[in-house]
Structures are given as C-alpha cells and as structure tokens.
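Just so it is clear: chains get the letters A, B, ... in the order the sequence lines come, proteins before strands, and each one is counted from 1.
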Amino acid sequence: MKRTHYCGDLRDSHVGQTVQLCGWVWHWRDHGGVVFIDLRDRTGHSQLVFDPTADAELHRRASALRSEFCIGITGTVRPRPEGTVNPKLPTGQVEVVVTELHVYSESETPPFPIDEHLDVGEDVRLKYRYLDMRRPALRDALLFRSRCANTVRNYFNQNGFVEVETPILSKSTPEGARDFLVPSRISPGEFFALPQSPQLYKQLCMIGGLDRYFQIVKCFRDEDQRADRQPEFTQIDVEMAFIEPEDIYQIMEGLMTTLWKDLLGVELKTPFPRMPYWDAMERYGCDRPDVRFGMELRDVGDIGAESEFQVFRSIVQNEGKISGICVKGGASFSRKEIDDLTKEASIYGAKGLAWMKHGESGLESNIVKFFSEGLQQKLIERFGSEQGDLLLFVADEPSVVYAALAHLRLHIAEQKQLFDPNEDKFLWVVDFPLYEKDDEGNPTPSHHPFTHPHPEDLDLFETAPLKIRALAYDLVLNGLELGGGSIRIHRRDLQYRMFKTLGIDEQQAQEKFGFLLDAFRFGPPPHGGIAFGFDRMVMLMMRLRNIREVIAFPKNQRAQAVMEGAPSGVEASQLKELGLRVKA
RNA sequence: GGGGCCGUAGUUCAGUUGGUUAGAAUGCCUGACUGUCGAUCAGGAGGUCGCGAGUUCGAGUCUCGUCGGCCCCGCCA
C-alpha cells in the first residue's frame with residue numbers, strides 16, 4: 001500500500017479522489033452502527049468512516065481498532081453530510097469512506113494519552129519519548145526546529161558562508177566548563193575531550209582562508225543542569241575574517257530578521273539597540289537585561305553615605321554599593337509581599353531589603369527617620385518616584401546588589417505583568433570587560449583568552465588590566481542570552497601580552513594552545529565570530545520555558561537519558577582494553 | 001556543594017485535627033447506540049499512598065532517614 005496523501009492535508013478539493021493514508025489510530029467513536037476513526041500522522045488527522053451497510057466485514061474489523069494501532073487505508077474522499085462539518089479542524093470539511101484496511105501493527109494501551117489536553121509528568125514522557133513525539137506539542141516543536149535549522153543554513157549559504165564539520169573527538173583545554181572525556185584505546189591512559197564549542201577550530205578555519213564559516217553543531221559541557229541548559233546542546237557557530245564587530249552585528253541581525261519573518265511572520269526593526277556592559281549592569285544589574293520594561297536600578301550610595309542609617313553608612317565605607325528600584329504603584333504591597341521580596345533577594349545573597357513607601361505626605365517606613373528632608377527629596381527625584389510607589393534598596397558588595405535587584409526587578413515585572421509577553425526586544429550588549437577577578441582576585445578572561453582587547457585600551461595592560469574593554473558582544477533577547485562572541489586576537493605579540501596578564505608564560509601557553517599559536521605564525525587574518533544557543537533560540541521563539549521541549553531526546557535534570565538508560569556501566573573487557581579501572 | 005517544591009489507580013489530581021472499606025476525572029475492559037469529532041449511556045476491573053524506620057490504640061496524613069522528579073543558588077571561559 002503506497003501512501004498518496006498525508007492525513008492533515010485533505011480538503012474540499014480532494015472530494016471524489018481515491019486516497020491511501022497511513023498513520024496511527026487517534027480517537028475512535030463507535031456508534032454501534034457507523035464507526036469513526038481519527039487517523040493521525042505528523043501533519044494532522046482526517047476522519048475515517050466505516051459504514052456497516054457498505055461493508056459489514058470491514059466494519060467489524062474497524063470496531064476492533066484501538067488507540068495507536070498503526071494502519072494504512074484506501075478510501076474515497078467525500079464531503080461530510082450537511083450539519084456534520086467540523087469548522088474547528090483543517091480537514092473538517094471532508095471524510096474518507098474506507099474500502100480497504102491494513103493493520104501494520106497493533107499497540108498496547110499507551111502509558112499516557114497522545115493528545116494535548118493533559119500535562120503528563122516529564123519523567124514518563126522522557127521514558128516513552130517516541131510516544132511523546134506523537135503528541136502535537138513536541139511534534140510541532142521538532143517540526144518548527146527543523147524549519148529554523150533550514151532557514152539558518154539557507155541564510156548562511158546565501159551570504160557566502162562555508163559549512164565545516166569540526167571534530168567531536170577533540171583536545172581537553174584547561175579553561176572553561178568541565179569536559180566530557182573519552183578514553184583512547186590506542187593511546188592507553190590518554191583522553192579525548194568532547195568540544196565545549198568549536199572555538200579553536202573555527203579560528204583555524206579563518207587562518208586556513210575559508211573566510212566565512214558556519215556550523216550548526218553539538219557542544220558538550222559537563223555542568224549542572226537548568227531549565228535552559230543541557231549537557232549536550234546545539235550552537236549556531238559563526239566566524240568571519242577581515243571584519244569588525246559591526247559586520248557581525250549586521251550578519252546576525254539579518255539572520256534574526258529572516259528567522260522571525262519566515263517562521264513567526266514578525267518584522268524586526270534593525271539595527272538592534274546596543275548597550276555597553278557597564279550601562280547594563282548599572283541600569284539593570286545584569287549583563288543580559290530584559291528591556292521590555294523599565295524599573296531601572298539607581299545608585300544611591302551618595303545618599304546612603306549622608307544618611308544617619310548605620311547599615312548604609314558602613315556599607316559605603318567598606319566599598320560596598322547601595323542601589324534601588326522604584327516599583328510603580330508598589331506602595332500597596334502588603335507586609336507579606338515585601339517579606340516575600342526580601343526572601344527572593346536573599347537567594348542572591350542579599351542580607352536584607354530596605355524599603356520606603358511613597359505615601360500622601362512623602363516617604364514612609366521604619367528607616368525614613370534616618371534620612372533628612374533633603375535626602376528624602378533627593379531619593380524621590382532620583383527615582384522619579386510618585387505617590388503610591390515603593391522604593392526597594394539593597395546594600396551589599398556590588399555583585400550581590402546587582403544580582404538581587406536584577407532578580408527583584410524581573411520577579412516583580414513577571415508578577416505584575418509589566419510587559420507584553422508577545423513582544424520581542426533584542427539588544428546587543430557590548431564593551432564587556434576583557435578580564436574579571438577570579439576567586440583570588442587575579443584577572444581571568446571574562447570571555448576567553450583569545451578575545452581582542454578594545455584598541456583604545458591597550459595602554460591599560462600593564463596599569464589596570466581589569467579596566468580593559470574587550471571587542472566582545474552578546475545578543476540578548478527578552479533578558480536571556482541568545483549568543484555571544486568577539487573579535488579574536490590575530491597577532492602573537494598581543495596574544496602573549498594577554499597570557500602574561502593571566503600569569504601564563506610562553507611555555508605554558510605552548511603546552512595548552514600550541515597548535516593555535518603555531519598557526520598564528522603563518523599570516524593569520526583579523527577575524528571574529530559569534531555562537532548562538534540554537535535550542536534556546538527555538539525555545540524562545542516558541543514561547544516555551546524549558547529547553548527539553550525543543551530537543552528530541554534530552555537528558556533529565558541529572559544528565560541521564562532515562563529511556564535508554566545512559567550513562568551505564570560497561571563490560572570489564574571494555575575497561576581493560578582502555579586501560580581503565582573503576583574505583584569501587 | 002546548598003536551598004525550595006513534589007511523590008496517592010495506567011495518566012492527571014483530591015484526600016479535613018491522625019480515625020470506618022483511600023476517592024474523582026480520564027484511560028482501560030464489557031455491553032448499548034447509524035453522524036460523532038475530548039462522542040454519549042450503563043456496568044466492571046484497576047492501589048505496596050515511592051521505600052524504610054519511628055511516634056501512636058490507630059499513619060496517605062506527624063517525625064527522622066532514604067530513593068526519585070522538577071525548579072533555583074553555586075557552577076556553566
């Protein structure tokens with residue numbers, strides 16, 4: 001039996017045609033006489049009709065069909081009788097009168113219903129992923145993802161990019177996330193690492209003269225999971241030679257515009273706004289601000305220092321920071337609501353949350369008495385506060401202040417519906433610092449050690465390395481990082497200055513990244529690139545909240561594949577061949 | 001490494017202050033029904049209340065431990 005149509009495609013125009021359909025029995029409605037079967041494939045479903053007066057034997061066999069039997073049929077498309085048309089369904093104008101029925105295979109009763117009306121526990125869905133895939137939600141996500149990937153490939157092909165496959169068995173590099181390791185049989189005691197990203201390979205492709213590279217590629221990071229993180233995930237990886245940041249912005253804005261137009265029917269406005277890193281931190285408390293709403297942070301360290309409030313004064317004296325946000329209409333928050341906010345702030349290390357309500361006669365709270373009339377007026381002006389608003393303050397070391405207020409801002413905005421959930425606001429965050437302090441206070445690359453410093457800041461290497469800006473950029477959508485990249489260093493002398501600040505001498509550098517440094521001896525072009533979280537992007541486009549909803553076979557929270565049972569133990573002989581011994 | 005929420009029928013859930021034989025919806029099975037489309041109607045089967053201790057006359061309910069799931073902090077150049 002050869003399929004002639006997909007179940008979801010039948011329309012008025014097919015009336016009178018003999019068709020052959022294949023698929024799974026979705027719902028069946030047995031009226032004693034006539035039997036209806038909804039036959040489903042990945043495109044949708046059509047109604048099959050079995051009439052006992054037409055073919056008693058066929059009708060008897062149809063009555064025995066059950067959920068998820070896999071069948072094929074031959075039949076004739078006819079318009080539904082008047083009054084039985086179902087306008088809710090794309091195929092609701094017609095039905096198929098079946099003349100032949102073939103059961104490819106029967107099915108046990110599925111462990112959960114194959115429809116969209118019920119949220120099923122994710123552990124069961126993962127165990128029977130192939131059944132979950134028959135459900136419209138996951139099916140549509142995977143189809144959508146496929147179309148995205150197709151659009152991405154077309155876009156880069158049309159713009160002169162070369163798709164290059166880089167190795168999965170690669171070399172472990174000391175920086176960054178934990179590596180997944182693969183033992184080598186031929187070199188006992190030695191290991192490949194799965195790539196955290198094809199970073200060095202794509203730079204080598206630029207040195208190799210490919211000029212424009214892209215790849216939709218798996219990356220692996222052995223870190224703890226989150227709703228938007230998987231141990232193996234997919235990146236849209238891009239690198240270009242002879243370019244400046246503007247070229248990257250333009251190419252990637254073009255990609256986003258194309259994707260949003262082709263897949264969502266939305267016209268995005270370009271160029272996307274750009275915001276320096278320190279602006280983002282000061283105004284939003286994080287490097288990936290959600291700019292769909294205001295409620296921006298304001299520094300009030302100066303006012304706190306002048307106040308009589310000891311908590312604030314001592315924090316300013318100890319090089320701490322005081323910032324706040326103004327919640328419009330927040331004066332109506334109950335004591336409990338403010339307590340809850342305090343709890344939310346404490347997740348990010350804030351030891352307290354100071355607040356003032358803007359009432360009829362000015363600011364009110366248990367700490368207002370420590371602020372003179374003049375200081376209160378300054379606060380009101382700084383936040384543009386009006387009667388009915390609520391001011392919230394966090395005073396702590398800067399990283400805590402930023403993190404706590406950034407979270408409160410998002411938390412309140414979500415709670416109070418302060419933004420349109422259907423709006424998409426893109427933003428480039430630029431001028432990231434080249435270095436940040438590690439746990440011991442030493443400079444460590446905030447992006448990676450091949451990031452090009454801002455040309456205006458080269459004098460700072462020896463005097464104030466932490467103040468050097470990088471030619472690095474992130475693309476942020478609605479408060480989530482879609483991707484990031486940088487212009488790379490292409491001169492060995494600059495690369496060694498970079499390493500020197502990191503405390504890496506020439507010999508160590510050679511050991512770690514020798515192959516790249518060697519390549520830099522042979523005329524490397526100026527180059528740079530970017531990488532996008534593909535899963536995350538598809539998730540955001542579909543307004544989903546979990547990355548697993550757009551991945552065919554994801555790992556669970558504990559990075560396990562529950563369906564196939566991975567990871568798992570292996571045969572002793574396999575270990576022996578690899579020269580490995582597992583500690584009991 | 002740390003915090004939070006959760007675990008009861010195949011599935012999704014309810015279960016009062018600790019008190020009789022643990023319920024509902026849906027699915028499943030049987031029967032009825034010729035126009036439904038999340039069909040309807042009647043009947044039926046289906047439970048180690050995650051597991052283990054403890055408190056108690058009595059535990060789905062309280063306590064401790066443990067296992068599992070999800071979310072978050074740390075981590076993720």
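Contact annotation for A:P445: backbone-only contact, meaning every heavy-atom pair under 4.0 Å involves sugar-phosphate atoms and none involves a base. Residue-level contact check: A:R488 touches neither bases nor backbone, having no heavy atom under 4.0 Å from any strand. Counting any heavy atom pair closer than 4.0 Å across all strands shown, A:R545 reaches no nucleic acid atom. Backbone-only contact: A:S446 has heavy atoms under 4.0 Å from sugar-phosphate atoms and none from a base. Among the atoms of the strands shown, only primed sugar atoms or phosphate atoms (P, OP1, OP2) are found under 4.0 Å from some heavy atom of A:G121. The residue A:R66 sits close only to the backbone: its heavy atoms come under 4.0 Å of sugar-phosphate atoms, none of a base. Heavy atoms of A:T53 sit under 4.0 angstrom from at least one base atom. At the heavy-atom level, A:T109 lies under 4.0 Å from the strands shown only through sugar-phosphate atoms. Counting any heavy atom pair closer than 4.0 Å across all strands shown, A:Q196 reaches no nucleic acid atom. Using a 4.0 Å heavy-atom criterion, one finds that A:Q230 contacts no nucleic acid atom at all.
Nearest to the side chain of A:V124, among B:U11, B:C70, B:C73, sits B:U11. Here the nucleotide nearest the side chain of A:V120, chosen from B:C70, B:U12, B:C28, is B:U12. Comparing B:U34, B:U11, B:C70 by their nearest atom to the side chain of A:R548 picks out B:C70. Of the candidate nucleotides B:C73, B:G35, B:G69, B:C73 has the atom nearest to the side chain of A:R226.
A donor N or O paired with an acceptor N or O is not found under 3.5 Å between the base of B:C76 and the side-chain atoms of A:R221. Remark: the A:R80 side chain and the B:C37 base include a donor-acceptor N/O pair separated by less than 3.5 Å. Residue A:R125 places no side-chain atom within donor-acceptor reach of the base of B:G69, judged by atom type and a 3.5 Å distance cut-off alone. The base of B:G69 has none of its N or O atoms less than 3.5 Å from a complementary donor or acceptor on the side chain of A:N556.
The P atoms of B:U26 and B:C70 are separated by 30 Å, rounded to the nearest whole Å. Nucleotides B:G46 and B:C28 have their C1' atoms positioned 9 Å apart, rounded to a whole Å. Taking atom C1' in both B:C37 and B:G23, the straight-line distance is 31 Å, to the nearest Å. The separation of B:C67 from B:U11, taken at their C1' atoms, amounts to 22 Å, rounded to a whole angstrom. For the P atoms, the distance from B:U63 to B:A45 is 36 Å, rounded to whole Å. Separation of the C1' atoms belonging to B:U30 and B:U17 is 43 Å when rounded to the nearest angstrom. Across the C1' atoms, B:G68 and B:C49 are found 16 Å apart, a figure rounded to whole Å. If you take atom C1' in B:G47 and the same atom in B:A53, they sit 23 Å apart, rounded to whole Å.
Under the side chain to side chain donor-acceptor pair (under 3.5 Å) criterion, A:K127 pairs with no residue, sequence neighbours left out. For A:E57, the salt bridge (charged side-chain N to carboxylate O under 4.0 Å, His left out) partners are A:R60, not counting sequence neighbours.
For A:R558, a side-chain nitrogen or oxygen approaches OP1 or OP2 of B:G69 to under 4.0 Å. At B:C73, none of the side-chain N or O atoms of A:R229 fall inside 4.0 Å of OP1 or OP2 (strictly under the cut-off). A close approach under 4.0 Å does not occur between any side-chain nitrogen or oxygen of A:Q225 and OP1 or OP2 of B:C72. Between A:Q557 and B:C71, a side-chain N or O to OP1/OP2 separation shorter than 4.0 Å is present.
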Interface polar pairs with nucleotides 38-42 of chain B, N/O, under 3.5 angstrom:
from	atom 1	to	atom 2	distance (Å)
B:A39	N6	A:D30	O	2.8
B:A39	N1	A:H31	ND1	3.4

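Atoms CG (A:D224) and P (B:G69) sit 14 Å apart, rounded to a whole Å. Regarding A:I547, its CD1 atom lies at a distance of 12 Å from the P atom of B:C72, rounded to whole Å. Between A:E116 atom CD and B:U12 atom C1' the separation is 16 Å, expressed in whole Å. Following rounding to the nearest Å, A:E68 (CD) and B:U11 (P) show an atom-to-atom distance of 17 Å. Rounded to an integer number of Å, the gap from A:I114 CD1 to B:C28 P is 11 Å. The nearest whole Å value for the distance from the CG atom in A:L126 to the C1' atom in B:G69 is 10 Å. Rounded to whole Å, the distance from CD on A:E108 to P on B:G46 is 19 Å. Here the P atom of nucleotide B:G69 and the CE atom of A:M563 are 16 Å apart, to the nearest Å.
Donor-acceptor pairing under 3.5 Å is recorded for the side chains of A:R29 and A:Q47. Side-chain N/O atoms of A:Y201 and A:S170 include a donor and acceptor closer than 3.5 Å. For the residue pair A:D474 / A:Y277, no side-chain donor-acceptor distance below 3.5 Å is found, with atom types taken as modelled. A donor and an acceptor atom, one from each side chain of A:S486 and A:R488, are located under 3.5 Å apart.
Under the 6.0 Å distance and 45° angle rule, A:R469 does not count as a cation-pi partner of A:F432.
Residue order along RNA chain B, read from the 5' end via each residue's closest nucleotide, puts A:E95 first among A:Q199 and A:E95.
With both pairing distances under 3.5 Å, B:A22 is matched to nothing as a Watson-Crick or G-U wobble pair. Nucleotide B:U17 forms no Watson-Crick or G-U wobble pair with any nucleotide shown, as no partner meets the under 3.5 Å limit on both distances. B:C62 and B:G54 make up a base pair, with Watson-Crick or G-U wobble contacts both under 3.5 Å. Pair assignment for B:G68 gives B:C6, based on Watson-Crick or G-U wobble hydrogen-bonding distances that are each under 3.5 Å. In this structure B:C28 sits in a base pair with B:G44, meeting the Watson-Crick or G-U test at under 3.5 Å.
Lacking a ring centre under 5.5 Å from that of the base six-membered ring together with a plane angle below 30°, A:F112 does not count as stacked on B:U11.
With hydrogens and angles ignored, the 3.5 Å screen pairs a side-chain donor or acceptor of A:K202 with a backbone N or O of A:V238. Formation of a donor-acceptor pair under 3.5 Å by the A:H407 side chain with backbone atoms of A:A404 is not found in this model.
Taking 4.0 Å as the cut-off between side-chain N and carboxylate O, A:E68 and A:R40 count as a salt-bridged pair. A salt bridge is defined here as a Lys NZ or Arg NE, NH1 or NH2 lying under 4.0 Å from an Asp or Glu carboxylate O, and A:K555 with A:E232 meets this definition.
Under the 6.0 Å cut-off for aromatic ring centres, A:F513 and A:F450 qualify, their centroids lying closer than that.
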